[in-house]
Every structure is written in C-alpha cells, then in structure tokens.
Protein chains: 2
Amino acid sequence: MSRLDRSLISGLAPFQGLSAVDLDRMVGQARSLRIAKGEAVFEQEGEAHSFFLLLDGHVRVVKTTPDGQQVIVRYISPGELMGIAHALGRTTYPASAIAAVDCVVLAWPGRLWPEFAAAFPDFGVNTYRTVGSRLQDAHTRVVEMSTEQVDRRVAHALLKLVSQTGRRTDEGVLIDFPISRQDIAEMTGTTLHTVSRLLTAWEEQGLVKSGRQKVTVTEPHQLLMLAEGRTSKT
Amino acid sequence: MSRLDRSLISGLAPFQGLSAVDLDRMVGQARSLRIAKGEAVFEQEGEAHSFFLLLDGHVRVVKTTPDGQQVIVRYISPGELMGIAHALGRTTYPASAIAAVDCVVLAWPGRLWPEFAAAFPDFGVNTYRTVGSRLQDAHTRVVEMSTEQVDRRVAHALLKLVSQTGRRTDEGVLIDFPISRQDIAEMTGTTLHTVSRLLTAWEEQGLVKSGRQKVTVTEPHQLLMLAEGRTSKT
DNA sequence: CAATCTGTTTGCGTTGCAGCAAAGTCATTG
DNA sequence: CAATGACTTTGCTGCAACGCAAACAGATTG
C-alpha cells in the first residue's frame, strides 16, 4: 500500500471519523488484490476468511439456489465494504461476490474484525450503519417483490443502478459496467425475455437507450414516473 | 422488575455470556410494558426512542407502502430483541411492530445503546449476530420471492411459523397465535384468496387443519416435501 | 474473414394467480 | 338472541408474465 493510496482511502465512508494514524494502522494490515472480471472475491458457503473493501471496479453479489437459479443481491461500488460476515458473527459467506469488471480490493483477515471494532469504534459504527442500510434495502426489496409488478421493479432497479454507478454521457446516464438483460432479470425476479421486451418498449418511448450489455437512461425523470407513478393504469 | 423476572431473562439469547451483575445492571434500566393485542410497540417512520425485548406474546413486524399495502416482515417471539434501529445507526423505525396478542416487553431508551455495547460486549456481539441472521432471512426471502411460486412460499411460511412458535396438540402442531389468511398472504406476497384456496386443498390432502385465525400443521414432513420438493409437478 | 459464441429480440401458446363478486360461517355485542 | 361485523370460501374471468423456440446481431477467435 503506497501512501498515495491511503490518502485516497481516507475519504471513504467506512473510515469517516478515523484519525490518519488509525487509518494507517488499519490499511497497513490489509493485502491489496486484483480480481479479474468474472472471478470471485469470495464464494457462497465458503469459510469467511476475510472481509474486503472495494477500491476499484464493480462487484456483483449473487445468491444461488440449490437448483442453480441465481439472484443478484446487490452491486458493490468502490469505497464499499463487502464480505463482512465476521461483523455479524457468521463463519461462512451467505453469497458469492463476482467481479463485474476487473477490480482492486483490500482484504483483511477476518480474525482482525474484533480488534478493529474495539480499537477503532468509528469504524465499527460506520460498518453497522451500512449493515443497517443493507437490511433496509433487503426489506424494501421484499416489499417491492410483494407489491409491485415487473415493469416497476425493473424501472426501480435501473434507477438505482444509475444513481449508484451512473456516468453522464451526451445521451444520458450510462450504467458504468457491462450488464446483461439476464443480470437485470436476476435483480428483479423476472426473465431476460421480459426485461428485453420492457427495454425495447422504453427505447421506443425514448426513456432509455440500450445495447449489448449496456444501458443508458435518457429520461430518468420519466422512468421514475413509471416506477412510482400513482397512476392506476393507462 | 422483580428478581424472578431477571432469572427468567438470564437464559435468553441476547444475554448469553453476560454475568448476573451485568444483566442486573441492564435490566435495572428497563421499563416493563404491557401492550394490548393490536396495539403498536413502535411505529414505522416514528422516531426511534427505544429498543425492546419481547418477554411474552407475539409481535408482527409490518411494513406499509405509501399506497397502504402491508407486508409482514417477520414475527417476533419471546426472548427476541426488536426495534434495534439504534444499533444500526438509524434514527427512525423502518417498520411498525404490532402486538399479535397481549404482550409484555422490556423497553430501554435508545440512547443507552452505545453505553450497553461498550459496557457489555457480549450483548453487542449477540445483537449483531441476530442482525446477521435477520439480514440472511431477508435475503433468503428475496430469493424465494424471485424463484419460488406461491404454494411453496406459503408452505415455507407455515413451516417457519410452526418451528418458531408451534405448540404440539393432539392434531399436530398449532401456530400459537391468531393468524388470518390475510396475514399469511402478507407474509408471502399473495392474496388471501389464494391462501384460502391452498389451505383448503391441503386440508383435503390431510396436511393441515385450519379454521378461523388458526392453522395446525398435521403433516410437517409432507408439507416440507411440497415446499422443497425436487419434483417437477403433479 | 469465416466460424463460433454470447447476448438479444420477438412471436406464440400457456398458465398461475390476481381481481371481482357473492355467499357462507363464526364471533361479538347491544 | 337478533344483528352486526370480521373472517373465510368459492366460482368465474382476465391478463401479466413465463416458457419455448427460433431467428438475429455483435463480439471474439483461430
């Protein structure tokens, strides 16, 4: 870890409130890893040996059912922690984390968690804050799956991706990593066919532009209308 | 709080590992409340003033959407914590907690959380362990909603309720609090109509016996088959 | 630059389940 | 103990979305 890296890291959410010295002590104990696109940072059911900070890239967190169906739990963006099973008293990872593009991560041995939490209280608080919001997200998603229909769920998913990882282009806001119809389907509990149909429909209405593994939202506001619209139907 | 109560409490999961003295210090700072059936322990969006331990009864945790649809997030059984927003850095409750029957709860002011976590590390660890399993549950439920169809989801929900709160009777295992078709529907993302149809079908097959606000599972094993069955159909 | 592979589109038939409506049953209450 | 209200059952209809199949791009590779 170069000193340069550390200065970049100091601004990240998990480390808010930590002194430079403490940050140094933490980062000094991490290994930095490169994970090639498609490779796993950690795997479902695997023993939770480490916890991670994503420095660069995008990671897909995926749960696979016994019969092989996959569900995308969330996408991790740079600056976020992942694999924090240790903080929650678990000994195995509940899902797999797959690099959506080439990634750089910091990895700490899981056994350091208790030390860190004790020595750097702010780090603990920050971590549990993100756990809290992920728990919220999960519940929100359950509610959404129970009450909303497919088109709205897909619209929501796109908007969330856009706000999380969107990059402005002259055509609109582009989701900044390769994402297939199948991926979107696995985020929203539908099939790639349905996603494809929705995207072509929305493209005709000028709300999005999409191509192979790529989606650009051109009219976020209109898409939001569609996602939340109080309108019954039309 | 009588000394008797404290001895009952000492065995509960959130307090594993605490000394009698520490337990006393914690419980000494709690108020004990009775909540009548149908009343709220805390309410969605409300300021998170306290966190709670359910001593007796059953509590339904419910999320309501802007347009008034309800989803049951989980049921809380005696001995479980609830309303632990503070532990996750939140200032409002993300859901409402409604007494399914008359309940007794202990309530601590939320501001005590940081003190407790610092003074009684085991309590913190226990709490975050339950947060971990609730996060798991939530994700499992997302996966289930995405991949399983209604009958299996309902079967799963019943089995979970049975294992959580089941009481043996001569007819089978009874879910130990009043639960309507509507409730089951709100747990599984379907309608009371569909739940009703499923229950009558299962009753004809001898898997369950059910009546007004009451369900008894007579053949848990068979119901599990139905919930998990690798069989394609029939 | 063919050949192959991976991802996408689209048409068509099927269906699980919601939505509506109405009747039936049990519990509560004045 | 009639009457009101809460919960449940059941029939019928419609449609959103799945599943299958086949064709259609863009990439990638030898």
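- Put simply, CD on A/Q69 is 12 Å from C1' on D/dC18, counting in whole angstrom units.
- Rounded to whole Å, the distance from CD on B/Q213 to C1' on D/dT8 is 10 Å.
- Heavy atoms of A/T200 sit under 4.0 angstrom from primed sugar atoms or phosphate atoms, though from no base atom.
- The CZ-P distance, from B/R153 to C/dG16, rounds to 14 Å in whole Å.
- We find that CG of A/L192 is positioned 12 Å from C1' of C/dT6, with the value rounded to whole Å.
- In the displayed structure, A/E43 atom CD is contacted under 6.0 Å by at most 12 heavy atoms of other residues, nucleotides or ligands.
- Between A/T194 and D/dC18 there is a side-chain polar atom (N or O) within less than 4.0 angstrom of OP1 or OP2.
- Taking the ring centroids of B/F51 and B/F42, they lie at or beyond the 6.0 Å cut-off.
- For B/T190 and C/dA18, the shortest distance from a side-chain N or O to OP1 or OP2 is below 4.0 Å.
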Letter per nucleotide, 5' to 3', of nucleotides 19-30 of chain C [B base touched, S only sugar-phosphate touched, - untouched; heavy atoms, 4.0 Å]: BBB---BBS---
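- Within a 6.0 Å radius of NZ in A/K214, other residues, nucleotides and ligands contribute more than 12 heavy atoms.
- When all heavy atoms of B/I98 and B/A40 are compared, the closest pair comes out as CD1-CB, 3.9 Å.
- Pairs passing the ring pair (Phe, Tyr, Trp, His ring centres under 6.0 Å) check and including a residue from residues 129-149 of chain A, sequence neighbours excluded, do not occur.
- Atom pair A/D151:CG and D/dA17:C1' shows a separation of 11 Å (rounding to whole Å applied).
- Toward the 5' end of DNA chain D, the nearer of the two residues B/G211 and A/E148, judged by each one's closest nucleotide, is B/G211.
- Considering only side-chain atoms of B/S180, the nucleotide from C/dT10, D/dT9, D/dC7 that sits closest is D/dC7.
- Put simply, the side chain of A/E80 gets close to the backbone of A/S77: a donor and an acceptor are under 3.5 Å apart.
- Taking side-chain N and O atoms only, A/R181 has a distance below 4.0 Å to OP1 or OP2 of C/dT8.
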